[in-house]
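Starting from 1, each residue takes its place in the sequence as its number. Every heavy atom of this structure was used, including side-chain atoms; hydrogens, water molecules and symmetry mates were not.
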Amino acid sequence: MSAEQKQKAMERLKKLLALSRSANEHEAAAALSKAQELMRELCVSEDDLELTDYGTAEADGILARPGYSVPVYATLLEGLIEKAFSCTAVWDRQKVKCKIIWLGQKSKADISAYSWTVLARLLKNKREQYKFTHLLGGHTPGKREALADTFCEGWVAGVSRNILRDTASAKDKRLLDLFLKQKFPNLVNLQTRGAGLTGGQVNSAYTDGMREGRKTHLHSGVQNTKHGQVGQTQYLGAPT
């Protein structure tokens with residue numbers, strides 16, 4: 001059986017299972033019997049069927065550079081989006097280009113990748129603006145970069161104050177974990193780097209970032225077209 005044929009069979013199986021919940025007892029029993037027969041024929045479980053609604057969406061790493069450890073503020077932003085949309089992400093750190101791969105229910109994976117792209121670009125710009133307006137004089141290049149990283153960590157913390165966490169069921173969490181293990185069975189720990197500074201200047205940079213981040217809102221009101229592309233996304237950015 002080809003992949004296309006199996007996909008069609010899986011779609012038929014979904015329809016049969018939906019019919020098996022019909023109020024008409026005879027119709028429900030007949031649909032359930034056919035569904036069970038088809039599941040045996042395809043050698044699939046109920047989990048396999050549920051996972052056909054899951055997928056991946058790739059986005060540019062934006063905040064990470066090839067050959068370097070991923071900055072902590074990038075992983076904090078990743079975690080924020082994971083909580084907002086009940087998805088998970090995997091970093092693909094290639095020699096030429098870094099990517100971040102979002103996994104979850106297909107519509108949520110798509111909007112997670114989109115949200116990452118918007119917020120990561122915004123944060124990258126905010127970082128450069130902060131370096132230019134606050135860190136031009138009196139700092140070594142290394143300390144300037146570290147303070148900018150601290151600002152970014154604060155910025156993500158500020159944005160997180162405006163995020164409503166998606167409430168995933170225990171079943172959804174289990175399926176997402178199963179999908180992750182199927183897609184990436186040999187994951188290794190991600191190498192990250194923090195700002196590595198302490199003291200008053202660090203607190204000031206973090207506070208500046210948090211204050212700026214609180215101006216940014218992320219809304220999860222998104223719907224997808226039948227082709228799986230994001231059709232509507234609410235505003236992301238500073239409120240007017």
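Side-chain contact check for L77 versus V159: every heavy-atom pair is 4.5 Å or farther apart. Residues T150 and Y206 have side chains in contact (heavy-atom distance under 4.5 Å, counting atoms from C-beta outward). Taking the side chain as every heavy atom from C-beta outward, I163 and K83 never approach each other to under 4.5 Å. In this structure, L175 and D53 have side chains that are not in contact, with every pair of non-hydrogen atoms separated by 4.5 Å or more.
Cluster membership for I100 and I62, using ILVMFWY side-chain heavy atoms within less than 4.5 angstrom, is shared. V70 is connected to L119 through a chain of hydrophobic side-chain contacts under 4.5 Å among Ile, Leu, Val, Met, Phe, Trp and Tyr, so both are in one cluster.
In this structure, E37 places its CD atom where only 12 or fewer heavy-atom neighbours from other residues, nucleotides or ligands lie under 6.0 Å away. More than 12 non-hydrogen atoms from other residues, nucleotides or ligands lie less than 6.0 angstrom from CZ of R193. Sparse packing is recorded around CD of E46, with 12 or fewer heavy atoms of other residues, nucleotides or ligands lying under 6.0 Å away. Applying the 6.0 Å contact sphere to NZ of K131 captures more than 12 heavy atoms from other residues, nucleotides or ligands.
Atom NZ of K108 is separated from atom CD1 of I111 by 12.0 Å, given to the nearest 0.5 angstrom. Taking CD of E11 as the reference point, atom CG of L16 lies at 11.5 Å (rounded to 0.5 Å).
In summary, D177 and R174 do not engage in a salt bridge, as defined by a charged side-chain N under 4.0 Å from a carboxylate O.
Between L19 and A31 the shortest heavy-atom distance is CB-CB, 3.5 Å. Residues A205 and Y130 come closest through the heavy atom pair CA-OH, 3.4 Å. Summarising the geometry of Y73 relative to R127, their closest heavy-atom pair is OH-NE, 3.5 Å, with the distance given to 0.1 Å. Residue P66 comes nearest to C98 through the heavy atom pair N-SG, 3.6 Å, listed as atom of the first residue, atom of the second, then distance. Between N162 and R214, the shortest heavy-atom contact is ND2-O, 3.0 Å. Nearest heavy atoms, K106 versus T52: NZ-O, 3.0 Å.
A donor-acceptor contact shorter than 3.5 Å links the side chain of T117 to the backbone of A113. Proximity of a side-chain donor or acceptor of D48 to a complementary backbone N or O of S45 within less than 3.5 Å is detected.
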Please step through side-chain contact (heavy atoms from CB on, under 4.5 Å) for the pair L123 and T216, ending with a clear verdict.
CA-CA 10 Å; L123 178 52; T216 301; over 6 Å; no

Applying side-chain contact (heavy atoms from CB on, under 4.5 Å) to D172 and Q105, what does each step give before you reach the verdict?
CA-CA 9 Å; D172 288 338; Q105 294 176 10; 3.7 Å; yes

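Looking at W116, Y68, F184 one by one, the single match for ring-ring contact (aromatic ring centres under 6.0 Å, His included) with W91 turns out to be W116. Partner of D60 under the side-chain hydrogen bond (donor to acceptor under 3.5 Å, both in side chains) criterion, chosen from K99, R121, K97: K97.
Taking the six-membered ring for Trp and thresholds of 30 and 60 degrees, Y54 and F179 have ring planes inclined between 30 and 60 degrees apart.
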